[in-house]
Amino acid sequence: MINKQKGTLDVLPNDSWKWHKVETAARETARLYSLKEIRTPTFEATELFLRGVGGTTDIVTKEMYTFTDKGGRSITLKPEGTAGVARAYIEAGLSNEPQPVKMYYFTPVFRYERPQAGRLREHHQFGVELYGAQAASMDAEAILIAKSFFDSLGIKDLTLNINSIGCETCRAGYNKALKDYIKPNLDSMCDTCKVRFDKNPLRILDCKEEGCKTLNKNAPSVIDHLCPDCAAHFSKLQGYLKAYGIEYVINPLIVRGLDYYNRTVFEFVSNSIGAQGTVCAGGRYDRLVSDVGGGATPAVGFGLGLERLINVMTALGLMGEDISAPDVYIVTADAAAETACLILGKELRESGISCECDHMGRSIKAQLKYADKLKCRMSCIIGGDELSNNTVTVKDMGAGGQESVKRDRAAAFIKTRLYGGVKK
RNA sequence: GUGGAUGUAGCUUAGUUGGUAGAGCGCCAGAUUGUGGCUCUGGAGGUCGAGGGUUCAAUUCCCUCCAUUCACCCCA
């Protein structure tokens with residue numbers, strides 16, 4: 001027996017409807033906002049992520065699935081969805097299309113980490129990428145898209161956290177202020193924070209060590225050090241959110257772990273699925289496209305973890321149940337009727353009725369029992385009597401009654417019963 | 001990479017102060033004539049995570065490993 005790999009998930013036949021439900025809702029939301037789907041490869045040149053995500057980030061330094069292919073190239077399974085989209089945008093010359101270019105994707109994402117509740121080595125994301133617009137209204141629309149997607153699924157449990165981490169110019173000033181604040185206490189910080197102090201002070205705010213957290217509470221806020229342009233952008237964003245009626249919390253401690261973000265960052269967080277409660281996270285990344293070799297292109301977007309989303313919905317009792325079932329089960333009441341049953345099945349399917357025939361050689365009783373388990377709405381029975389009369393016995397599995405119908409009228413009769421004569 | 005918890009049938013699990021295991025659900029089959037849902041009866045299915053040690057004897061005690069799980073770092 002070879003087991004599945006650590007941190008991977010099988011979506012089994014009895015669970016796949018959950019994914020369909022969520023994916024259908026996502027595609028409908030995408031349609032409403034005129035997003036077009038983009039599909040990019042599962043693996044890319046490692047260099048893309050080094051330059052896009054950032055060579056010093058944890059994702060790149062210790063979590064990537066990187067290998068050398070048979071041609072000696074360094075290949076990496078995508079650790080996030082955005083870099084590949086940026087690459088495709090440049091490579092296909094999408095900057096020449098009318099802007100903005102609004103896209104969405106579904107993708108597997110691979111990160112080598114220890115699994116726990118809400119964390120896998122391969123997970124799946126629904127992502128949105130809005131390229132070409134620098135207006136704060138686009139940031140607001142990204143958030144609105146996520147919000148209306150959650151609303152369409154009935155999820156009310158999520159808290160929206162927003163923050164602005166500024167641009168390069170305000171970052172420099174802020175980093176200095178932060179370092180000035182930290183410096184007297186640097187010795188009491190944890191080891192990783194000491195490293196962050198030099199490399200990327202902003203990330204100190206993200207530290208979960210008790211000592212560092214306490215110190216961070218009174219740390220200068222990024223928001224107070226934004227340059228006039230960034231401050232205006234952040235203020236406009238909040239204006240749009242208020243206009244949309246979207247509640248949010250400004251959380252100055254939100255700092256994304258991917259280097260490409262600037263200005264707006266946000267997270268939708270749930271409390272119902274354990275320690276890893278971030279279901280959706282995103283922000284603005286105006287430097288990404290140029291970082292991976294394209295022209296200056298403002299962009300904003302988010303990634304949304306589908307496994308976590310399904311976990312939240314399950315925890316909140318919003319997942320519902322699988323309602324897909326074959327419409328009709330065809331009971332082979334006599335071995336001699338087998339061919340007649342199979343042909344009837346083909347005919348029903350050709351007229352749009354889903355159905356199932358016996359392939360197990362079961363007794364009539366067992367076949368009806370099975371039809372009941374499948375939750376079929378109707379059964380057709382063909383045995384010796386029906387063969388000689390050229391009829392089909394049609395049984396209503398809900399009400400329990402049954403009647404004899406001429407064989408050549410069977411499909412039409414069943415269709416009327418199932419859909420009231422209106423084609424599905 | 002670090003720390004804690006757990007590993008008995010497909011699932012949820014009981015159990016033995018050490019004498020090679022039961023239950024519920026599920027699955028399959030029956031309960032006179034060609035008919036499901038309720039009920040009843042029967043059946044299949046477990047090398048008690050793997051390897052080693054102690055012992056006359058280990059699923060039970062000890063060790064190692066593996067897997068799962070939760071938390072940390074980090075992230076969706």
Side-chain angles (χ1 to χ4, degrees), chain A residues 1-8 12 14 53 56-64 78-82 106-127 146 158 190-193 195-196 203 206-210 212-213 254-258 266-270 273-282 302-312 329 331-337 360-387 393-402:
Chain A
M1 174 62 197
I2 298 169
N3 296 308
K4 70 177 182 313
Q5 290 298 296
K6 190 193 287 286
T8 62
L12 299 170
N14 288 334
V53 179
T56 61
T57 59
D58 280 10
I59 288 183
V60 168
T61 55
K62 56 182 210 188
E63 293 187 343
M64 293 208 302
K78 55 166 91 165
E80 52 83 58
T82 295
F106 290 101
T107 184
V109 170
F110 305 87
R111 285 175 207 161
Y112 191 86
E113 46 191 353
R114 283 282 289 276
Q116 70 181 69
R119 170 177 298 155
L120 296 158
R121 286 186 173 177
E122 178 187 16
H123 76 277
H124 297 79
Q125 293 189 9
F126 165 55
L158 304 174
C190 70
D191 290 344
T192 39
C193 279
V195 176
R196 287 167 175 153
R203 295 208 54 75
D206 214 20
C207 190
K208 304 295 190 302
E209 294 283 330
E210 275 313 315
C212 304
K213 266 165 86 173
I254 292 190
V255 181
R256 312 266 67 240
L258 296 81
F266 64 89
E267 290 183 358
F268 283 87
V269 184
S270 164
I273 53 167
Q276 308 304 322
T278 301
V279 174
C280 171
F302 63 79
L304 193 153
L306 295 177
E307 285 86 352
R308 284 188 188 175
L309 177 70
I310 290 172
N311 286 345
V312 169
Y329 184 86
V331 177
T332 307
D334 190 309
M360 302 297 290
R362 283 191 249 247
S363 68
I364 294 162
K365 184 182 259 195
Q367 287 184 60
L368 281 164
K369 203 174 239 180
Y370 180 60
D372 192 58
K373 269 174 207 149
L374 292 181
K375 299 190 169 75
C376 292
R377 289 168 60 194
M378 307 186 90
S379 288
C380 288
I381 302 169
I382 302 181
D385 297 348
E386 288 82 0
L387 280 182
T393 300
V394 179
K395 183 179 175 68
D396 185 316
M397 298 299 282
Q402 66 184 48

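Computed over heavy atoms, backbone and side chain alike; hydrogens, waters and symmetry mates excluded. Lettering of chains follows the sequences in order, A, B, ..., and the numbering in each one begins at 1. Treat the numbers as computed from the prediction; the structure is a model and nothing was measured.
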Between the side chain of [X] and the main-chain N/O of [Y], is any donor-acceptor distance below 3.5 Å?
X: Q276(A); Y: Q116(A); value: no
X: E307(A); Y: H124(A); value: yes
X: R121(A); Y: E113(A); value: yes

So which protein N/O to nucleotides 64-71 of chain B N/O distances come out below 3.5 Å?
unit_1	atom_1	unit_2	atom_2	d
U68(B)	OP2	K6(A)	NZ	3.1
C70(B)	OP2	A117(A)	N	2.9
A71(B)	OP1	A275(A)	N	3.0
A71(B)	OP2	Q116(A)	NE2	3.2
A71(B)	OP2	A117(A)	N	3.3

Figure out the [atom1]/[atom2] separation between [X] and [N], and round it to whole Å.
X: M360(A); N: C27(B); atom1: CE; atom2: P; value: 13 Å
X: N14(A); N: G26(B); atom1: CG; atom2: P; value: 14 Å
X: E63(A); N: C72(B); atom1: CD; atom2: C1'; value: 13 Å

Could you state the interatomic distance from [atom1] ([X]) to [atom2] ([Y]), rounded to the nearest 0.5 Å?
X: Q125(A); Y: R308(A); atom1: CD; atom2: CZ; answer: 9.0 Å
X: D334(A); Y: I364(A); atom1: CG; atom2: CD1; answer: 8.0 Å
X: F110(A); Y: L120(A); atom1: CZ; atom2: CG; answer: 11.5 Å
X: T393(A); Y: I382(A); atom1: OG1; atom2: CD1; answer: 8.5 Å
X: Q402(A); Y: M397(A); atom1: CD; atom2: CE; answer: 10.5 Å

Could you walk me through whether K62(A) and Y112(A) pass side-chain contact (heavy atoms from CB on, under 4.5 Å), step by step?
CA-CA 8 Å; K62(A) 56 182 210 188; Y112(A) 191 86; over 6 Å; no
Quote, to the nearest angstrom, the [atom1] distance that separates [N] from [M].
N: G46(B); M: U8(B); atom1: C1'; value: 8 Å
N: A23(B); M: A76(B); atom1: C1'; value: 41 Å
N: G22(B); M: C62(B); atom1: P; value: 25 Å
N: G45(B); M: G26(B); atom1: C1'; value: 12 Å
N: G43(B); M: G24(B); atom1: P; value: 12 Å
N: U54(B); M: A14(B); atom1: P; value: 31 Å
N: A67(B); M: C56(B); atom1: C1'; value: 33 Å
N: U6(B); M: U59(B); atom1: C1'; value: 16 Å

Set out, in order, the CA-CA distance, both residues' side-chain angles and the distance that settles side-chain contact (heavy atoms from CB on, under 4.5 Å) for L368(A) and K395(A), then state yes or no.
CA-CA 10 Å; L368(A) 281 164; K395(A) 183 179 175 68; 4.1 Å; yes
Looking across every strand, which nucleic acid part, if any, lies under 4.0 Å from R362(A) by heavy atom: base, sugar-phosphate, or nothing?
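Counting heavy atoms under 4.0 Å across all strands, the contact made by R362(A) is with sugar-phosphate only.
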Select base, sugar-phosphate, or nothing to describe what L309(A) touches, counting heavy atoms under 4.0 Å on all strands.
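Contact class for L309(A): none.
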Interface polar pairs with nucleotides 34-41 of chain B, N/O, under 3.5 angstrom:
unit_1	atom_1	unit_2	atom_2	d
G34(B)	O6	D385(A)	N	2.7
G34(B)	O6	D385(A)	OD1	3.1
G34(B)	O6	D385(A)	OD2	2.6
G34(B)	O6	E386(A)	OE1	3.2
G34(B)	N1	E386(A)	OE1	2.8
G34(B)	N1	E386(A)	OE2	3.1
G34(B)	N2	E386(A)	OE2	3.2
U35(B)	O2	K395(A)	NZ	3.1
U35(B)	O2	Q402(A)	OE1	3.2
U35(B)	N3	Q402(A)	OE1	2.8
U35(B)	N3	Q402(A)	NE2	3.3
U35(B)	O4	Q402(A)	NE2	2.9
G36(B)	N1	M397(A)	O	2.5
G36(B)	N2	D372(A)	OD1	2.8
G36(B)	N2	M397(A)	O	2.5
G36(B)	N3	D372(A)	OD1	3.2
G37(B)	O4'	D372(A)	OD2	3.2
G37(B)	N2	M397(A)	O	3.4

Under the side-chain contact (heavy atoms from CB on, under 4.5 Å) rule, what do E80(A) and I59(A) come out as? Steps first, then yes or no, please.
CA-CA 9 Å; E80(A) 52 83 58; I59(A) 288 183; 5.6 Å; no
Grab the stems for RNA chain B, please: at least three consecutive Watson-Crick or wobble pairs, both distances below 3.5 Å, written as range with range.
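Stem segments, range with range: B:1-7 with B:66-72, B:10-13 with B:22-25, B:27-31 with B:39-43, B:49-53 with B:61-65.
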L306(A) vs F126(A), test: side-chain contact (heavy atoms from CB on, under 4.5 Å). Steps then yes/no.
CA-CA 7 Å; L306(A) 295 177; F126(A) 165 55; 3.9 Å; yes
